[in-house]
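So the structure is just underneath, and the comments pick up after that.
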Amino acid sequence: MKDFEIILAPMEGESSPKFRELCYEKGATSVFTEMARVSALARKNKSTLEKIKIEKAIPTYIQLSVSNEKDLIKFLKDFKPQEGFIGFNLNLGCPSPDHINKGIGCAM
């Protein structure tokens with residue numbers, strides 16, 4: 001038995017369901033989706049919804065980038081957890097200039 005958890009950190013453009021599954025099979029205790037913008041999820045943007053798709057019951061956190069409460073409430077109202085979902089991670093640390101200019105990440 002391990003005395004610690006091994007967690008796969010989210011990586012934009014890399015944390016696909018297949019990659020998360022591979023990391024879980026190799027010992028990660030839980031994994032994260034790549035960051036998804038709540039504004040796009042609230043609009044039901046297909047490619048953004050794909051980012052948070054959990055294909056297998058692997059313990060998964062969905063990482064969200066939030067810019068306003070209205071979009072978060074709209075998204076959560078319709079959110080149906082998939083098997084494997086264990087929680088949300090709010091990204092408040094991303095230093096990307098693109099995110100900062102939009103008031104998300106560490107600009108929040």
Side-chain angles (χ1 to χ4, degrees):
M1 182 170 175
K2 297 178 185 175
D3 291 338
F4 56 88
E5 289 189 38
I6 299 173
I7 300 171
L8 170 68
M11 296 176 288
E12 192 164 11
E14 301 296 330
S15 297
S16 70
K18 296 292 183 203
F19 181 70
R20 296 191 309 260
E21 180 181 350
L22 174 66
C23 292
Y24 182 72
E25 289 172 355
K26 297 295 183 183
T29 310
S30 59
V31 297
F32 287 76
T33 65
E34 68 177 282
M35 182 171 48
R37 293 186 181 173
V38 169
S39 58
L41 292 169
R43 292 190 316 272
K44 297 182 175 23
N45 177 279
K46 186 176 179 176
S47 63
T48 307
L49 288 167
E50 283 295 312
K51 288 182 177 185
I52 67 167
K53 186 176 182 180
I54 301 171
E55 293 182 352
K56 295 194 177 178
I58 294 169
T60 303
Y61 292 95
I62 294 176
Q63 186 183 60
L64 300 175
S65 178
V66 183
S67 58
N68 69 66
E69 183 180 352
K70 180 182 168 189
D71 286 338
L72 180 60
I73 291 168
K74 184 176 179 182
F75 164 66
L76 292 175
K77 180 180 166 190
D78 295 328
F79 178 74
K80 305 279 188 275
Q82 299 166 302
E83 190 175 357
F85 171 76
I86 55 175
F88 291 110
N89 171 263
L90 299 179
N91 183 305
L92 300 176
C94 183
S96 163
D98 178 53
H99 286 73
I100 292 170
N101 291 335
K102 293 179 179 160
I104 56 181
C106 65
M108 185 83 164

Roughly how far, to the nearest 0.5 Å, is CD1 of Ile52 from CD of Glu34?
-> 11.0 Å
Any chance you could measure Lys44, atom NZ, to Phe75, atom CZ, to the nearest 0.5 Å?
-> 9.5 Å
In one Ile/Leu/Val/Met/Phe/Trp/Tyr side-chain cluster, 4.5 Å: Phe79, Leu64 = yes
Honestly curious: do Val31 and Phe19 fall in one hydrophobic cluster under the side-chain, below-4.5 Å linking rule?
-> yes
side-chain contact (heavy atoms from CB on, under 4.5 Å) between Lys18 and Glu55, intermediate numbers included | CA-CA 8 Å; Lys18 296 292 183 203; Glu55 293 182 352; 3.8 Å; yes
Out of curiosity, Thr33 OG1 to Phe85 CZ, how far, rounded to the nearest 0.5 Å?
-> 9.5 Å
In Å, rounded to the nearest 0.5 Å, how long is the span from OG of Ser39 to NZ of Lys70?
-> 11.5 Å
Exactly one candidate in Leu72, Asp78, Ile73 meets side chain to side chain contact (heavy atoms under 4.5 Å, CB included) with Leu76; the answer is Leu72
Determine, step by step, whether Ile58 and Arg20 satisfy the side-chain contact (heavy atoms from CB on, under 4.5 Å) criterion, reporting the C-alpha distance in whole Å, the side-chain angles of both residues, the deciding distance to 0.1 Å, and the verdict.
-> CA-CA 8 Å; Ile58 294 169; Arg20 296 191 309 260; 5.5 Å; no
How long is the gap from CD1 on Ile54 to CD on Glu21, to the nearest 0.5 Å?
-> 13.0 Å
Could you state the interatomic distance from CZ (Arg37) to CG (Asn91), rounded to the nearest 0.5 Å?
-> 10.5 Å
Close side-chain approach of Ser30 and Tyr61, heavy atoms under 4.5 Å | yes
Are there more than 12 heavy atoms of other residues, nucleotides or ligands under 6.0 Å from atom CD of Glu83?
-> no
Shared hydrophobic cluster for Val66 and Leu41 (ILVMFWY, side-chain gaps under 4.5 Å) | yes
Heavy-atom pair with the smallest gap, counting every atom of Ser15 and Phe32 | CB-O, 3.7 Å
Does the side chain of Thr60 reach to within under 4.5 Å of the side chain of Ile86, using non-hydrogen atoms?
-> no
